[in-house]
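When a ligand or atom number is given, it counts from 1 through the structure's own listing order. Note that the structure is a prediction, hence the values are computed from the model and not measured.
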Amino acid sequence: MGRLDNKVAIITGGTAGIGEATARIFAREGCRVVVCGRNDASGNKIATELGNSAAYFKLDVTSFDNWQECIDFTIDRFGKLDILINNAGISVVETIADTTPESYMNIINTNQVGAFYGMKLAIEKMRDNPDPCSIVSTVSIDGVVGDPIYFSYCAAKAALEAMTKCAAIYCGQENLGIRVNAVAPGYIMTPMATQDAAEKNMTLEEYERTMAIDHPIGHLGKPEDIANAFLYLACDESSFVTGTTLMVDGGYTAK
Ligand code: NAI
């Protein structure tokens, strides 16, 4: 018996890193998953490997119309929507001095506006679902605490945390049976970390060693560390948890 038997999930940013690990763990736990992303080759490969319980959908989270098509696709394919893992995101190394109006809006559009579209449309669909539903967004340690070199990224993730609380209270007040939470990862070894290391002119080994110093646990995280937190918040074991951010950060923000 799986922890997500009979559930249907949309996972954004599902073709790499944390989202890919989440798709694999959710499928293993009996969930039918719509793996969303922009990389067709990777999305189709993951969906094929997961078999009949998975499908790939090409989604650019910055497009409201594309989001609507994604929800429609999910209903056509699997009949309902119980879980949204609002995980797609991008980061860039820039201080407030380096940030331009264009680069700021690029980060906000993907990490904040894209997550808003998903949250809004998922709630619209889930309100007719008689089963318990769950929305979980990926925020970050950045935004919970400030970091001068991730100015726009911190802004977007802090906003997403606030949106999570507002939506959770709304869903509770309306008695919708939808819980809304967030997970805040510390540094996780994914393609985003590879890009971050390159932007900091470090090899991946240097990056892993240097960044680990800021995590009291002594090392960086794996995509599965975050996927398992999503699993807890998506399944009915967390039925009394809403409006919260679960820190999965190796103690980064405990200091
Ligand atoms: P990743 O770069 O491996 O995955 C991000 C995914 O989002 C990719 O599949 C990418 O194609 C997708 N994506 C980006 N823009 C998109 C768009 N406009 N439409 C649709 N998909 C889009 O990175 P990772 O690490 O797996 O990131 C997942 C989430 O975790 C992100 O929200 C990120 O901000 C967050 N996060 C990651 C941390 C890390 O250290 N890796 C730390 C804290 C948060």
Side-chain angles (χ1 to χ4, degrees), residues 10-25 34-47 56-67 69-70 84-93 105-119 136-145 147 149-150 152-161 163-164 182-200 204 207-208 210-212 214-215 219-227 229-230 245-250 252-253:
I10 290 176
I11 301 170
T12 71
T15 58
I18 292 168
E20 177 180 353
T22 305
R24 293 186 185 282
I25 287 178
V34 177
V35 178
C36 299
R38 298 169 303 171
N39 182 332
D40 293 347
S42 171
N44 284 318
K45 179 170 177 287
I46 295 164
Y56 166 64
F57 185 85
K58 191 181 185 82
L59 171 67
D60 177 350
V61 296
T62 64
S63 162
F64 189 77
D65 290 347
N66 204 188
W67 259 114
E69 289 160 4
C70 176
L84 168 63
I85 303 297
N86 225 352
N87 169 71
I90 51 172
S91 76
V92 66
V93 174
M105 288 317 299
N106 187 36
I107 292 289
I108 297 293
N109 276 334
T110 301
N111 296 309
Q112 181 182 336
V113 180
F116 153 60
Y117 292 161
M119 214 181 252
V136 191
S137 298
T138 315
V139 293
S140 175
I141 48 175
D142 290 327
V144 174
V145 294
D147 189 328
I149 62 166
Y150 298 107
S152 43
Y153 185 72
C154 285
K157 293 297 191 181
L160 183 49
E161 240 199 304
M163 286 154 54
T164 297
V183 171
Y187 282 70
I188 310 297
M189 293 304 286
T190 67
M192 185 177 276
T194 308
Q195 179 210 315
D196 197 38
E199 287 182 52
K200 290 172 174 158
L204 209 49
Y207 180 85
E208 224 178 327
T210 310
M211 298 304 157
D214 291 329
H215 297 69
H219 58 85
L220 303 192
K222 304 184 299 297
E224 290 74 17
D225 294 324
I226 307 305
F230 286 146
T245 296
L246 178 56
M247 305 305 302
V248 185
D249 67 354
Y252 188 102
T253 53

Starting from atom 34 (O) of ligand 1, which protein heavy atom do you reach first, and at what distance in Å?
Tyr153 OH, 2.5 Å
Per atom 31 (C) of ligand 1, closest listed option by heavy atom (Val61, Thr138, Asn87):
Asn87
Look only at the side chain of Ser42 and the backbone of Thr15, and say whether a donor-acceptor pair between them is shorter than 3.5 Å.
yes
Atoms of ligand 1 close to Ile90 [distance to a heavy atom under 4.0 angstrom, numbered from 1]:
14 (C), 15 (N)
Tell me: protein heavy atom nearest atom 26 (O) of ligand 1, and distance?
Ile18 N, 2.9 Å
Could you tell me if Tyr153 and Asn111 have a donor-acceptor pair between their side chains, going purely by distance under 3.5 Å?
no
A student comparing Gly186, Gly221, Ser91 should find that the heavy atom closest to atom 38 (C) of ligand 1 comes from Gly186
Looking only at protein heavy atoms, which one is nearest to atom 20 (C) of ligand 1, and what is the separation?
Leu59 O, 3.0 Å
Which residue and atom name correspond to the protein heavy atom nearest atom 9 (O) of ligand 1, and how close is it?
Thr15 OG1, 3.5 Å
Does Lys45 NZ have over 12 foreign heavy atoms under 6.0 Å away?
no
In the protein, what heavy atom is nearest to atom 37 (C) of ligand 1, and what distance, to one decimal place, separates them?
Met192 SD, 3.8 Å
For Cys154, does its backbone N or O pair with a side-chain atom of Asp142 as donor and acceptor, under 3.5 Å?
no
What protein heavy atom is closest to atom 5 (C) of ligand 1, reported as residue, atom name and distance in Å?
Gly89 O, 3.7 Å
Closest protein heavy atom (residue, atom, distance) for atom 14 (C) of ligand 1:
Arg38 NH2, 3.2 Å
Atom 8 (C) of ligand 1: closest protein heavy atom, distance to 0.1 Å, is Gly13 CA, 4.3 Å
Those atoms of ligand 1 less than 4.0 Å from some heavy atom in Gly17:
3 (O), 26 (O)
Examine distances only and state if a side-chain atom of Gln195 and a backbone atom of Ser91 form a donor-acceptor pair shorter than 3.5 Å.
yes
4.0 Å heavy-atom contact, Ile226 with ligand 1:
no
